[in-house]
Amino acid sequence: MTHRLLLIGIITLGLLLLPPTGRSVAAQTVDPICFPDVAAITDCISPTFAGYWRSNGGLPIFGYPLTPTSRVVAGEGIALTAQWTERNRLELHVANPPAYRVQLGRIGAERLAQLGRNWATEPRESGPLPGCLWFAETGRNVCDQGQGLGFRSYWERNGLQIPGLNSYQRSLALFGLPLTSAAIEAGPDGSPILTQWFERARFEWHPTNPARFRVLLGLLGHEVRSAMAPSSVGAPWDTVAPFGVEISRGMVAATAKPLAEGGFSWVRYNGVLWAEVEAQRGQRDWGKLRQLEQELTTISAQGGTTMLVVRTTPSWAQAVPGKACGPIRPEALTDFADFMAELVTRYSRAPYNVKYWELGNEPDAPYTIVASGEPFGCWGDERQPFFNAAAYAAMLQAAYPAIKAADPEAQVVLGGLLLDCDPERDAAQLCLGGTFFEGVLRAGGGGFFDIVAYHSYAYWLTARYDWDLRSPKWAHRGGNLLGKRDLLQSVMARYGYQKPLIMNEGGLLCYRADPSCGQLGFYTYQANYAVRLFTRSAASDLLGAIWYTLNGPGWEDAGLLGPNQQSRPAFQAARFITEQLRGATYEGQIGSGMLEAHVFRVDQRRISIYWTNDDSQVVVPLPARAIARYSMLGEPEPLEGATLTAGFTPQIVVADR
């Protein structure tokens, strides 16, 4: 349509007038804008949109935030990161140049469509009127209602602050073209009011207000959002079952059969090494990834959903010389973005089918204590605010648009966080790594990833007390798994974000793989922990939990398989709980004190999982219509009487609904 072509022309003109971009990409620190003194406004304008909101009119133009940032399906069917405000919807279009990444929804057009009005079929005006703005594209005049007051003056006096645009173009970018003529209409409360609709706004004339408030913008954000039906377009991870495993590079062929038998969906694979592929700047040797290509093909063929870790900085791009695990020099960020664009283009399609790209692994580990060749770390720098998180945010800002341009369906995963401590409990100076995630958000990185990943391990001790809950650094928050989740969610809430989380490295560890662990029953307790970990994950709002690793014996003897890739009890337990909870809906937790029990619904059956968090035993009534009882390994056990004695070893009861 003509008006769409005009808007495209405006954007193109703006792009031509932008100053040339260099190879350096810098992260800008922006705080959220919050309203603690305003009743009922609990969300903040997120850092992704805060600068835009403030510099382009603030409250009168956009209104208060209605939601945190989230994934929405915009009016044209495109899935975007967005935030609803009272008068509009702020959208992040990451593939655009920086000046055009934040766009406004065509909220006026969307609301008219909701009301069943087709503005294009309404009669056009005959031509320009004296003293009015004439828009030939839609056949509408925009006029003042008084001397220097009214719709024309308001349209002309407000506009987006985009470099290179004149005042007319700035107003057009903010409000869009007029879609209707000014007319008396029933307002939202039913009273008559002079109204004119624009692509991105609804102008209302309130003649009894003070002069500066006689033109007000309708609360279209609230109206459109309230009238929307729940989206039928789900998140891309909605079809992925919540449990998974990591497989080390070079071990896929040996574990392909157990992968299929286990029924695991997520498969984390570590990974692609940028330093290996592009050892010399501009010279990429994709032949280095032939084995990786075979392994990605196998994972996909076995039904796995790959989460591919990308890490290591080539020597020519290292911000800290000799630290391949560390940050990228600012002038090399464009190189990394180019590398990611080509990588995603190659491996997002069949037969590899990679849609989840994890940038780094434990980037919050400090470079000073991590050897360069380690498969994790190491962006952390105690000399920099928030442990050098701004450098990681700058990398996200460079890579994210390139990834999305290569594959709009790609999902960018924040490098799994170590989170070695809780900065809200420990003094910040004693828990620098714990501030890294907040630093990423403060530096403007929050709009440049889709999923937050973190790690959660527990070390085994012989005492029969839940190993996760008693973690010294996280016991005050309810253990590693849920305590770290709570911290990340609270930090995101402060900055106006709402993103899904996944625990993508976890397991029960034998300290230094001491041979005595096996002699003392470690492998049985590992199975016990697998049931607890996967059940708690399914009972929470996590996307899932990934065990490190499927292949054995694994780091700290944590593998689900043994040294010869033979099944361990933990594999049997993980396989059984994955089978039982496939497609499950969580109904709630029962029990109190040391008894922990979770109830799930699967089709016409109810699955109840019981254990105690110490060595105590608790007698509980069996669920009504119980039909089967299983050990944590999936072995059938007798149903006797009307009660069950729950103990430290998990038990599973299936009942008809």
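Note that these values count all heavy atoms, side chains included, but never hydrogens, waters or copies made by symmetry. Note that the structure is predicted; figures quoted are calculated from it, not measured.
Using the six-membered ring where Trp is involved, Phe175 and Trp155 have ring planes that are tilted, between 30° and 60° apart. Note on ring orientation: taking the six-membered ring where Trp is involved, the planes of Phe35 and Trp53 are perpendicular (angle over 60°, cut-offs 30° and 60°).
Using modelled atom types, one finds no donor on one side chain facing an acceptor on the other under 3.5 Å when comparing Thr306 with Tyr352.
In this structure, the side chains of Glu223 and Gln114 stay at 4.5 Å or more apart for every pair of heavy atoms. Using a 4.5 Å cut-off on side-chain heavy atoms (C-beta onward), Met307 and Ile451 make no contact. Looking at heavy atoms from C-beta onward, Lys499 lies out of side-chain contact with Leu414 at the 4.5 angstrom threshold. With a 4.5 Å cut-off on side-chain heavy atoms, Tyr454 and Leu487 do not count as touching. Put simply, the side chain of Tyr100 does not reach to within 4.5 Å of the side chain of Leu160, judged on heavy atoms. Two residues are said to be in side-chain contact when any heavy atoms from C-beta on lie closer than 4.5 Å; Val272 and Trp357 fail this criterion. When side chains are defined from C-beta on, Val452 does not count as touching Tyr497, because their heavy atoms never get closer than 4.5 Å. At least one side-chain heavy atom of Tyr495 sits less than 4.5 Å from a side-chain heavy atom of Arg442.
Judged purely by atom type and a 3.5 angstrom limit, Asn504 has no side-chain atom pairing as donor or acceptor with the backbone of Gly416. With Gln169 contributing its side chain and Asn166 its backbone, the two residues share a donor-acceptor pair below 3.5 Å. Without hydrogens or angle criteria, Thr297 side chain to Glu293 main chain gives a donor-acceptor distance under 3.5 Å. Between the Glu342 side chain and the Met340 main chain, no donor and acceptor come within less than 3.5 Å of each other. With hydrogens and angles disregarded, a donor-acceptor distance shorter than 3.5 Å links the side chain of Tyr392 to the backbone of Gly415. Asn56 places a side-chain N or O within donor-acceptor distance of the main-chain N or O of Gln161, the cut-off being under 3.5 Å. Although no hydrogens or angles enter the test, the distance criterion places a donor-acceptor pair under 3.5 Å between the side chain of Arg87 and the main chain of Leu217.
Here the closest non-hydrogen pair linking Pro178 and Gln196 is CB-NE2, 4.0 Å. Listed here is the closest heavy atom pair of Gly445 and Gln397: N-NE2, 4.2 Å. Looking at every heavy atom in both residues, Asn158 comes nearest to Ser171 through O-OG, 2.7 Å. Gly63 and Thr85 make their closest contact through O-CB, 4.1 Å (heavy atoms, listed as atom of the first residue, atom of the second, distance). Pairing each heavy atom of Ala399 with each of Phe336, the nearest pair is CB-CE2, 3.8 Å. Looking at every heavy atom in both residues, Gln489 comes nearest to Leu501 through CG-CD1, 3.7 Å.
Checking Arg111, Arg106, Arg140 one by one against Glu199, the salt bridge (charged side-chain N to carboxylate O under 4.0 Å, His left out) holds for a single residue, Arg106. For the side chain to side chain contact (heavy atoms under 4.5 Å, CB included) criterion with Trp205, the lone passing option out of Leu194, Leu216, Ile193, Thr195 is Leu194. A side chain to side chain donor-acceptor pair (under 3.5 Å) with Arg89 is found for exactly one of Glu110, Gln83, Gln103, namely Glu110.
To the nearest 0.5 Å, the span separating CZ on Phe62 from CG on Leu174 amounts to 6.0 Å. In this structure, the separation between CG on Asp364 and CG on Leu417 is 4.5 Å, given to the nearest 0.5 Å. Put simply, CG on Leu289 and CZ on Arg284 are 12.0 Å apart, with the number rounded to the nearest 0.5 Å. Once rounded to the nearest 0.5 Å, the distance linking CD of Glu358 with OH of Tyr269 reads 14.5 Å. Atoms CZ and CG, on Arg349 and Asp407 in that order, are 10.5 Å from each other to the nearest 0.5 Å. Here the straight-line distance linking atom CG of Leu219 with atom CD1 of Ile107 works out to 11.5 Å at 0.5 Å rounding.
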TODO: Start with the C-alpha gap between Glu278 and Trp316, add the side-chain angles, then the distance that decides, and say whether side-chain contact (heavy atoms from CB on, under 4.5 Å) holds.
DONE: CA-CA 10 Å; Glu278 195 173 356; Trp316 54 267; 3.8 Å; yes
- [ ] Let me see the working for Asp43 and Gln498 under side-chain contact (heavy atoms from CB on, under 4.5 Å), right down to the final yes or no.
- [x] CA-CA 10 Å; Asp43 293 302; Gln498 187 179 50; over 6 Å; no
- [ ] Evaluate side-chain contact (heavy atoms from CB on, under 4.5 Å) for Trp274 paired with Asp335, printing each intermediate quantity in order.
- [x] CA-CA 10 Å; Trp274 181 29; Asp335 297 271; 4.2 Å; yes
Task: From CA spacing to verdict: ring pair (Phe, Tyr, Trp, His ring centres under 6.0 Å), Tyr356, Trp266 - done: CA-CA 10 Å; Tyr356 295 85; Trp266 292 105; 4.9 Å; yes
Task: Step-by-step salt bridge (charged side-chain N to carboxylate O under 4.0 Å, His left out) determination, Lys404 to Asp450 - done: CA-CA 11 Å; Lys404 293 291 188 176; Asp450 301 302; 3.1 Å; yes
- [ ] Begin with the C-alpha distance, continue with both residues' side-chain angles, and end with the deciding distance and a verdict on side-chain contact (heavy atoms from CB on, under 4.5 Å) for Phe448 and Val412.
- [x] CA-CA 8 Å; Phe448 297 89; Val412 176; over 6 Å; no
Which atom pairs, donor and acceptor, lie under 3.5 Å between side-chain atoms of residues 180-188 and protein residues at least two apart or in another chain?
from: Thr180; atom 1: OG1; to: Trp197; atom 2: N; distance (Å): 3.1
from: Ser181; atom 1: OG; to: Glu125; atom 2: OE2; distance (Å): 2.6
from: Glu185; atom 1: OE1; to: Arg117; atom 2: NH1; distance (Å): 3.4
from: Glu185; atom 1: OE1; to: Trp197; atom 2: NE1; distance (Å): 3.1
from: Glu185; atom 1: OE2; to: Arg117; atom 2: NH1; distance (Å): 3.0

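Scanning for salt bridge (Lys or Arg N to Asp or Glu O under 4.0 Å) contacts around Glu204 gives Arg202, with sequence neighbours left out.
Ring centroids of Phe339 and Trp286 are separated by less than 6.0 Å, placing the two rings close together.
Screening residues 155-166 for salt bridge (Lys or Arg N to Asp or Glu O under 4.0 Å) gives Arg152-Glu156 as the qualifying pairs, with residues at least two apart or on separate chains.
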